[in-house]
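The structure appears right after this line, and notes come after that.
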Amino acid sequence: MSTHNRPAPVHPRHQLNNVLMHPVRFSIMAALAHTETDFRTLRDHLQVSDSVLSKQATALEAALLIKIRKGYIGKRPRTWLRTTPEGDSAWTSHLAALREIAGADALPPGL
């Protein structure tokens with residue numbers, strides 16, 4: 001069989017999750033990987049404003065990648081964020097694709 005008849009392998013960039021391509025959303029998912037944290041702690045860790053974190057967290061929640069939970073500690077309102085099982089899977093796949101892209105140190109023979 002000729003190498004010309006073999007289909008070209010699919011480039012790993014096609015496995016990237018478009019929702020996670022935004023730097024703040026990527027950072028949120030990295031910070032939340034397998035944990036839950038409160039809004040204030042996450043905001044300070046990521047060094048973003050309340051409005052930026054809120055907007056990007058809402059986008060991740062709409063994509064079913066995180067869950068936002070509101071409640072109270074005493075009389076003070078609090079917001080917690082955590083990844084969903086779908087979010088954990090998307091995060092793992094996204095990272096694997098990035099690693100594969102970064103690890104591709106040479107073009108295939110014949111190119």
Side-chain angles (χ1 to χ4, degrees):
M1 177 177 202
S2 168
T3 58
H4 296 289
N5 295 336
R6 207 172 334 148
V10 176
H11 192 276
R13 79 173 180 282
H14 296 292
Q15 303 305 312
L16 293 172
N17 185 311
N18 287 334
V19 175
L20 300 179
M21 297 298 283
H22 187 282
V24 175
R25 291 192 296 258
F26 182 90
S27 297
I28 291 168
M29 291 298 290
L32 293 178
H34 308 291
T35 191
E36 180 178 71
T37 193
D38 67 278
F39 186 93
R40 184 185 306 169
T41 300
L42 186 58
R43 177 202 63 203
D44 293 348
H45 175 71
L46 299 179
Q47 301 174 351
V48 296
S49 67
D50 287 357
S51 63
V52 167
L53 180 55
S54 179
K55 179 179 179 181
Q56 300 309 324
T58 298
L60 289 169
E61 186 178 44
L64 306 176
L65 300 180
I66 68 168
K67 176 69 178 158
I68 299 173
R69 179 174 61 88
K70 296 184 179 277
Y72 289 88
I73 294 182
K75 293 184 179 185
R76 295 187 180 265
R78 290 283 188 260
T79 301
W80 294 272
L81 303 94
R82 65 172 172 79
T83 58
T84 62
E86 295 86 356
D88 290 333
S89 177
W91 177 246
T92 300
S93 296
H94 190 78
L95 284 181
L98 287 172
R99 286 186 182 108
E100 190 173 347
I101 292 167
D105 52 296
L107 291 173
L111 288 182

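Side chains are part of it too, since the values below use all heavy atoms of this structure and drop only hydrogens, waters and symmetry mates.
- A single hydrophobic cluster is seen to contain both Phe26 and Ile101, as judged by linkage of ILVMFWY side chains at heavy-atom distances under 4.5 Å, directly or through other members.
- For the pair Ala97 and Pro12, the tightest heavy-atom approach, listed with the atom from each and the gap, is CB-O, 3.5 Å.
- Checked against ring-ring contact (aromatic ring centres under 6.0 Å, His included), Phe39 has no partners two or more places apart in sequence or in another chain.
- Applying the side-chain hydrogen bond (donor to acceptor under 3.5 Å, both in side chains) rule to pairs touching residues 85-94 yields Thr83-Asp88, Thr84-Glu86, sequence neighbours excluded.
- For the salt bridge (charged side-chain N to carboxylate O under 4.0 Å, His left out) condition, the pairs that include at least one residue of residues 46-62, sequence neighbours left out, are Arg43-Asp50.
- Of the inter-residue distances, the one linking Leu53 atom CG with Ile28 atom CD1 reads 5.0 Å to the nearest 0.5 angstrom.
- Residues satisfying the side chain to side chain contact (heavy atoms under 4.5 Å, CB included) test with Ser49, not counting sequence neighbours, are Ser51, Val52.
- In this structure, CE in Met29 is found 8.0 Å from CG in Asn17, a value given to the nearest 0.5 Å.
- By the rule that hydrophobic residues join a cluster once side-chain heavy atoms approach within less than 4.5 Å of another member, Met21 and Leu60 end up as members of one cluster.
- For Ser27, the side-chain hydrogen bond (donor to acceptor under 3.5 Å, both in side chains) criterion is met by no residue, not counting sequence neighbours.
- Enclosure of atom NE2 in His22 by more than 12 non-hydrogen atoms of other residues, nucleotides or ligands within 6.0 angstrom is indicated.
- Of all heavy-atom pairs spanning Leu81 and Ala57, the tightest one is CD2-CB, 3.6 Å.
- Sorted pairs that involve residues 12-27 and meet salt bridge (charged side-chain N to carboxylate O under 4.0 Å, His left out), not counting sequence neighbours, are lacking altogether.
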Which atom pairs, donor and acceptor, lie under 3.5 Å between side-chain atoms of residues 65-80 and protein residues at least two apart or in another chain?
{"from": "Arg69", "atom 1": "NH2", "to": "Glu36", "atom 2": "OE1", "distance (Å)": "3.0"}
{"from": "Lys70", "atom 1": "NZ", "to": "Thr79", "atom 2": "OG1", "distance (Å)": "3.4"}

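- For Thr35, there are no side-chain hydrogen bond (donor to acceptor under 3.5 Å, both in side chains) partners, not counting sequence neighbours.
- Applying the side-chain hydrogen bond (donor to acceptor under 3.5 Å, both in side chains) criterion to Ser54, with sequence neighbours excluded, gives no partner residue.
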